[in-house]
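Structure first, commentary second.
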Amino acid sequence: MSTRSDRTYDPIAIEREWQARWDREGTNSFTLDELRTAERPFYNLMMFPYPSAEGLHVGNIYAFTGADVHGRFRRMQGRDVFQPIGFDAFGIHSENFALKAEVHPMDLIPANVANFTRQLRRMGGMFDWGHTVDTTAPEYYKWTQWLFLQFFRHGLAEQKEAPVNWCPSDMTVLANEQVVVGACERCGTPVEQRFIRQWFLRITEYADRLLDNLPGIDWSDTTRKAQRAWIRRSRGAEIRFPTTGAAGERANGDHPAAIPVFTTRPDTIFGATYMVLAPEHPMVDAVTANAAREEVDAYRARTRAMDLVARQKIEKHKTGVFTGGYCVNPATGAPIPVWIADYVLMAYGTGAVMAVPGHDERDFDFATAYGLPIVRVVADEGEDADTPLAIAYEYPQGTLVNSGRYDGLSPEEAQRAIVEDLAAEGMAENRVSHRLHDWCISRQRYWGPPIPIIHCEGCGPVAVPEEDLPVVLPRVEDFRPDESGVSPLARVRDWYEVACPSCGRGATRETDVSDTFLDSAWYFLRYPSTDFPDRPFDDEVTRRWLPVDTYIGGNEHAVLHLLYARFVAMALHDMGRLDFEEPFTRFRAHGLIIREGAKMSKSKGNVIIPDPIIERYGADTFRLYLMFLGPFMAGGDYRDRGISGPHGFLHRLWESVVPRDGELAGGPPDPELEPRLHRTIKRVTEQVRALRYNTGIAAMMEYLNAVRAGGRTPVRAEVEPLVRLVAPFAPHIAEELWRRLGNGGSIFDGANWPEFDPEKAAERQVRVAVQVNGKVRGTVSAPRGADREAVVALARAEANVARHLEGTEIRKIIHVPDRLLNLVVAGKAARIR
RNA sequence: GCCGGGGUGGUGAAAUCGGUAUACACAGGGGACUUAAAAUCCCCCGGGAGCAUUCCCAUGCGGGUUCGAGUCCCGCCCCCGGCACCA
């Protein structure tokens, strides 16, 4: 017996009830057996959140809702959709917050995770809560450490002393990717350069494959382009310039035989009038003449102090110092001076350049500033060997001049010939260089998984035996980093003093922890295998579920996380652990939500707090509104009042299925509405598949408006399909209406997405626009598929069209069936006013 | 500077194999129902001219191609994001 209140849409009560029911009945979760036997597996992945103390923000909810809609849609189309979620809870972010709030991260994180879990359930995500991961749980980071050891064993992890970015505020090393215009991306503090022994993963070994695989994966174009730009491959040559002893006496007699440079323009070598080394180049000492030493050392000290900060400011005028040393241009045989300058970066190529001021803008600036010779070696059309250069001529077009026997060749031909000839003398070879650097994973911090290495004086760095994993992060009350440049773990003697696993003598643990990006580079492998405590990922389950079918996330991770994850998968593939090398078959980057035209930020105080909105309107309305704001992949502008649109829509939908008085009538759909219904099914299906949720929702609204037009009462056959269409967006109301339509179980069990019937979608009469000379002068109603003559006849009968045709002669007729007719006429038509 | 993405009503946005520009929604105005409110329903809503059928103009700016251009081509301007002395 239904009461009046029972017939009112009460989103809060319905959502509570259905969420409890999903949990109780395991609607969204897989048992191990189901994971092993799923017949149409679909792995729907979204980027797991960092569980901040503030709770889920709208950006998270937007991304997760969009991904959830996609997962629910696939499920309604009959796929077995595995949609896990987890927490990326290690890292500087959490640690800094803990320091500020004076809480221990081991206490802070579980509370945040609990809060996130509550919020994620509340928004109605189709998450498999039986397969979550938490990167800070020892049972997870045990395998992160295991992963590191696989890299170590295969020679892909190495320790090297390297110039690194040091953030003096966070007191840690940062990856290049974490430095934004010379400043720490976390806190904005200018970054300094330090030399520290670090662990690196050799991602550069995979640079070419990471690049070459890109065209074959179905990813957002912007993301692939960002990766391509980040890896950036340059083809060129390495050329050795022999040093000369002609520069007078040196401090040490054994100066290096030759200095290698990398260049993409070997064709311009005859214009190389000097050489420049990076100030930190290891050969600087050896080439420097005693007379110049003081000045050189001063310059190097100055560079080092301001490194990576001032050095990245583009407008800065170029500075440098002559070392007093010379080397020989192997092409001309002439001695050229060796300078050091901070515009040459140690981290790229060989850290040394042959300076060709005539054909490189930077070299030109430098040569101009220091009075070094500028020689033209390429002439464009209308120029010759003596045409003066007002600016560097950088285009690889024209012909070579002032280049001995290579004169007259095109730059392209000359590149080949010069490298070939120098190679014959052992002075050069072709080389490919990448902008991508190796991945530094060492962090001198506390809140991360300890790197599972033991340093032994006799044996060197030794892997912690796998049976000893995890190396548990000890609870340390004083985890504040300090200036020393070593991890707080280096203060915990009874933790780091251990016996060498190899020789048994006294040894010490590595005290650095690893980068958070290592945690997140493999989490998607763990999700389906969380039932296995004894292995990182189970082969059988992995074969069934991976690679990931659809991955949705923010484009801010285009070059960090997504590149590392690809690298890890590729390396595991080569180690024989995975049978695929690209982990994400399809990736889509979602857009960003702004509010009332402005970026949301805590300082502006315009951040949307989701909880109160959900409590007022319900999760369904909030989800629907977020998806309605704009194209999912572009983002949208959150206008506070706009939520009433989707809210009203859901109310009207409810009212249509659960009329206030009486029951929903049966019977066939209105013949006028049936084609609209089927066209709506078609549109929504296509648009949801393409993640164009906003227009899919608009199509549903349009249809419901038509169904209810003039206050008419719909019948069941008209609204039941709409309940199915709306389900991915508003799952709770869909479940409830589905139940009230007399169905048992969940709408998401079984392939309940409505079928599109092209027969029923076809309309008998269509509106055809009639143009005269390209301007619309009327529309006519014609039978579908009417031929040109029939439509012309109808058009001539249309009063306004006839008026425009009066006194004219039809020269040409353009007919687009069922859409448009354009009558091209000559005569007085132009005079009608 | 280079590489992306984008400029359409008061607002968020539709329409891109060239084919009725402004769907859907918000805001605004008017009306029905109601004791009232909410909810619901109906009508109007780019600019200009006109009593009106209707006509002209409008998709950042200037050209072009075409029967027809928001969509294609050429040259600019502006906004957002990324990269940035990479030899």
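Lettering follows sequence order; numbering is per chain, from 1. Just so it is clear, the model here is predicted, and its values are computed rather than measured.
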Query raised in the report: In dot-bracket notation, what is the pairing pattern of RNA chain B, taking Watson-Crick (N1-N3 plus N6-O4 or O6-N4) and G-U wobble (N1-O2 and O6-N3) contacts under 3.5 Å, with [ ] crossing and | for other strands?
Result: (((((((..(((......[....))).(((((.......))))).((((....))))..(((((..]....))))))))))))....
Requested in this report: For each nucleotide in nucleotides 39-44 of chain B, reading 5' to 3', give B when a protein heavy atom comes within less than 4.0 Å of its base, S when such contact involves only the sugar-phosphate, and - otherwise.
Outcome: -SSS--
**Report entry** Where protein sits on nucleotides 18-23 of chain B, one letter per nucleotide: B base, S sugar-phosphate only, - none, heavy atoms under 4.0 Å
**Finding:** -BB--B
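Regarding contacts with the backbone of U54(B), every side-chain N or O of R777(A) stays at 4.0 angstrom or more from both OP1 and OP2. Taking side-chain N and O atoms only, K225(A) has no distance below 4.0 Å to OP1 or OP2 of G4(B).
Summarising the geometry, the separation between CG on L277(A) and P on C85(B) is reported as 19 Å, rounded to the nearest angstrom. Whole-Å rounding puts the N555(A) CG to G4(B) P distance at 14 Å. Note: CZ (R232(A)) to P (C2(B)) measures 14 Å, nearest angstrom. Nucleotide G1(B) holds its C1' atom 13 Å from the CG atom of D365(A), rounded to whole Å. Atom CZ in R228(A) sits about 11 Å away from atom C1' in C3(B), given to the nearest Å. Between the P atom of A87(B) and the CG atom of N430(A) lies a distance of 15 Å, rounded to the nearest Å. Regarding D360(A), its CG atom lies at a distance of 15 Å from the C1' atom of C2(B), rounded to whole Å. The separation between M627(A) atom CE and A25(B) atom P is 19 Å, rounded to whole Å.
The 12-atom threshold is exceeded at CD of E556(A), counting heavy atoms of other residues, nucleotides or ligands nearer than 6.0 Å. Annotation for R796(A): atom CZ does not count as buried by contact number, only 12 or fewer foreign heavy atoms lying within 6.0 Å.
Among residues two or more places apart in sequence or in another chain, the side chain to side chain contact (heavy atoms under 4.5 Å, CB included) test is passed with P260(A) by E238(A), R240(A), M283(A), T350(A). By the ring-ring contact (aromatic ring centres under 6.0 Å, His included) test, Y62(A) pairs with F632(A), sequence neighbours left out.
Shown are L820(A), V801(A), V792(A); of these, the side-chain contact (heavy atoms from CB on, under 4.5 Å) with V770(A) is made only by V801(A). Shown are Y617(A), F649(A), Y638(A), F729(A); of these, the side-chain contact (heavy atoms from CB on, under 4.5 Å) with Y625(A) is made only by Y638(A). Screening R689(A), R683(A), Q687(A), K682(A) for a side-chain contact (heavy atoms from CB on, under 4.5 Å) involving T685(A) leaves a single residue, R689(A).
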Taking only nitrogen or oxygen atoms into account, show me every contact under 3.5 Å that the protein makes with nucleotides 80-82 of chain B, one pair per line with its distance.
from   : atom 1 : to      : atom 2 : distance (Å)
G81(B) : OP1    : K599(A) : NZ     : 3.4

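No cation-pi contact links R588(A) to W219(A), judged by a cut-off of 6.0 Å to the six-membered ring centre and 45° from its axis. A cation-pi arrangement is not found for K318(A) relative to F366(A), the charged atom failing to lie both closer than 6.0 Å to the ring centre and inside a 45° cone about the ring normal.
Checking S644(A) against V824(A), the closest nucleotide of RNA chain B that is more toward the 5' end is the one next to S644(A).
Classification of G62(B) as anti follows from a glycosidic angle more than 90° from 0.
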